[in-house]
Engineer: 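Handing you a structure now.
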Amino acid sequence: MNTRRGILIMVSNVSLYVLAQTVQANPNHLEPIAPYDSLDDGYHQAVFTSLIGKSYTFLWMIERPSFTEEYAVVLRYDAKYDPNDARPAENPETKPGGWYIERVAAKEKIWRWKSFDDGHLELDIKPTEDVTRYRAYITEDFAKVLQEAWQSTLLLTRYGETRVIGLDGTTLEFRSGDLFGETWSPKTGLPAMLADLGRKLSTVALSDENSRYTRLAEAEKLASKIVKEAEAEQIKVLGKKMSRHMDALGEMLTGKSATSPQGRN
């Protein structure tokens, strides 16, 4: 092994070690999301367009793993069940509308390399309609707890002292109302708990009737725990518990007043 190669390997190993150490010290909050149109590659916008689209959502989590397909978990509300829904699910349920969790996943990775005859590679990034959709209807009370978990955590969103990303990991973005936040491969704290909740909701959407009750119970228990821990963190950091944001458009869509679960502070 020559000296130059040995130095490069040593520097790489040190860089990976520092990265690993930094990642382990995850902050107990999400960080702001940059505007999608400020990103040159268009990847983030392509993922959002493919998985979320223009239909109204009450909250969502997008997970973008480094090497596997992107997916999203979404909370939606149907005023009335429509068998001709433009977003057909893989497991449509003949129920009269209401709250439901939807899991939307790209069948192929939206970010990928395209090879040319001359041997060079270019990024091939564009929105896709080739996705799978699974949904599960839930109660209004559970929908309320989910929104509380999302918003109470998102209210803590701020920039951290260090910003860490890596090649082998996953980026998670969260939104509820006009609140947004993101994290990368969280290991501890509220970001990891919210990521775990989003993944549990993914399994709820994929589950059958026999296992769904257990999965819903686990998700609801975690959501309630997140609300309590987020409120405690708000008091610790800000000196008070913050009021959750009202969603005026959501109230219009669901026909609820400002004193409803969705609009209550």
Side-chain angles (χ1 to χ4, degrees), residues 47-63 69-107 129-151 153-154 172-177 179 194-224 226-227 244-257 260-264:
V47 173
F48 177 86
T49 300
S50 302
L51 304 182
I52 307 297
K54 296 181 179 180
S55 298
Y56 186 81
T57 63
F58 285 83
L59 60 82
W60 49 253
M61 179 188 85
I62 294 176
E63 181 158 7
E69 292 76 15
E70 304 85 353
Y71 78 94
V73 175
V74 188
L75 175 63
R76 300 185 189 271
Y77 181 87
D78 273 343
K80 185 177 181 181
Y81 176 74
D82 182 4
N84 298 314
D85 191 336
R87 305 181 309 275
E90 300 294 320
N91 58 336
E93 300 181 35
T94 56
K95 293 186 177 182
W99 296 95
Y100 66 92
I101 298 296
E102 184 175 48
R103 183 188 190 275
V104 190
K107 292 184 178 179
E129 296 181 0
D130 194 13
V131 299
T132 59
R133 296 181 184 272
Y134 290 86
R135 69 176 57 164
Y137 282 86
I138 61 174
T139 66
E140 183 172 336
D141 286 343
F142 184 44
K144 169 192 170 184
V145 174
L146 292 178
Q147 291 178 84
E148 289 177 341
W150 249 252
Q151 292 204 6
T153 304
L154 284 165
L172 298 115
E173 294 182 342
F174 302 88
R175 173 261 172 185
S176 179
L179 301 174
L194 198 61
D196 187 22
L197 178 56
R199 290 161 180 163
K200 286 184 184 297
L201 296 178
S202 175
T203 66
V204 167
L206 293 169
S207 65
D208 56 27
E209 293 292 342
N210 294 328
S211 61
R212 186 168 298 168
Y213 178 82
T214 300
R215 297 180 188 277
L216 282 170
E218 292 174 351
E220 185 167 11
K221 182 178 180 181
L222 178 56
S224 298
I226 289 172
V227 173
R244 286 182 285 275
H245 287 201
M246 294 171 59
D247 191 334
L249 178 57
E251 291 170 11
M252 292 172 59
L253 292 175
T254 59
K256 307 295 182 180
S257 68
S260 68
Q262 303 81 278
R264 186 169 56 195

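The figures here come from the full heavy-atom set of this structure, side chains too, leaving out hydrogens, waters and symmetry mates.
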Engineer: What residues, two or more places apart in sequence or in another chain, satisfy salt bridge (charged side-chain N to carboxylate O under 4.0 Å, His left out) together with Glu63?
Structural biologist: Arg199
Engineer: Just do the salt bridge (Lys or Arg N to Asp or Glu O under 4.0 Å) check on Glu218 and Arg215 with the steps written out, would you?
Structural biologist: CA-CA 5 Å; Glu218 292 174 351; Arg215 297 180 188 277; 5.8 Å; no
Engineer: Applying side chain to side chain donor-acceptor pair (under 3.5 Å), name anything that partners Thr57, two or more places apart in sequence or on another chain.
Structural biologist: Arg175
Engineer: Do Lys107 and Thr132 have side chains that get closer than 4.5 Å, going by heavy atoms?
Structural biologist: yes
Engineer: Give the C-alpha distance, both sets of side-chain angles, the deciding distance and a yes or no for side chain to side chain contact (heavy atoms under 4.5 Å, CB included) between Leu59 and Phe174.
Structural biologist: CA-CA 7 Å; Leu59 60 82; Phe174 302 88; over 6 Å; no
Engineer: Could you please spell out the steps behind the side chain to side chain contact (heavy atoms under 4.5 Å, CB included) verdict for Asp196 and Lys200?
Structural biologist: CA-CA 6 Å; Asp196 187 22; Lys200 286 184 184 297; 3.6 Å; yes
Engineer: Taking all heavy atoms of Met61 and all of Tyr71, pick out the closest pair and write down the distance.
Structural biologist: CE-OH, 3.6 Å
Engineer: What distance separates Leu216 CG from Lys221 NZ, expressed to the nearest 0.5 Å?
Structural biologist: 15.0 Å
Engineer: Write down the atom of Ala136, the atom of Ala205, and the distance for their closest heavy-atom approach.
Structural biologist: CB-CA, 4.0 Å
Engineer: Report the distance from atom CD of Glu140 to atom OH of Tyr77, rounding to the nearest 0.5 Å.
Structural biologist: 7.0 Å
Engineer: What do the steps show when you test Ile101 against Leu146 for side chain to side chain contact (heavy atoms under 4.5 Å, CB included), and what is the final call?
Structural biologist: CA-CA 10 Å; Ile101 298 296; Leu146 292 178; 3.7 Å; yes
Engineer: So which atom in Ile226 and which in Ala149 form the shortest heavy-atom distance, rounded to 0.1 Å?
Structural biologist: CG2-O, 3.8 Å
Engineer: Once you round to the nearest 0.5 Å, how far does CD of Glu148 lie from OG of Ser176?
Structural biologist: 10.5 Å
Engineer: Would you call Ile52 and Glu173 a side-chain contact if the rule is heavy atoms closer than 4.5 Å?
Structural biologist: no
Engineer: How many angstroms lie between atom CG of Asp130 and atom CD of Glu69, to the nearest 0.5 angstrom?
Structural biologist: 10.5 Å
Engineer: Quick one: CG on Leu206 to CG on Leu201, what's the gap to the nearest 0.5 Å?
Structural biologist: 11.0 Å
Engineer: Counting N and O atoms only, with roles assigned by atom type, does the side chain of Arg212 sit under 3.5 Å from a partner on the main chain of Ser207, one being a donor and the other an acceptor?
Structural biologist: yes
Engineer: One pair to check against side chain to side chain contact (heavy atoms under 4.5 Å, CB included): Ile138 and Leu75. What are the steps and the verdict?
Structural biologist: CA-CA 10 Å; Ile138 61 174; Leu75 175 63; 3.8 Å; yes
Engineer: Would you call the rings of Tyr137 and Tyr100 parallel, tilted or perpendicular if under 30° counts as parallel and over 60° as perpendicular?
Structural biologist: tilted
Engineer: May I ask you to test the Ser224-Val227 pair for a side-chain heavy-atom distance under 4.5 Å?
Structural biologist: no
Engineer: Going from CH2 on Trp150 to CG on Leu197, what distance comes out if it is rounded to the nearest 0.5 angstrom?
Structural biologist: 4.5 Å
Engineer: Compare every heavy atom of Ala195 with every heavy atom of Leu172, then report the nearest pair and how far apart it is.
Structural biologist: CD2-CB, 4.0 Å
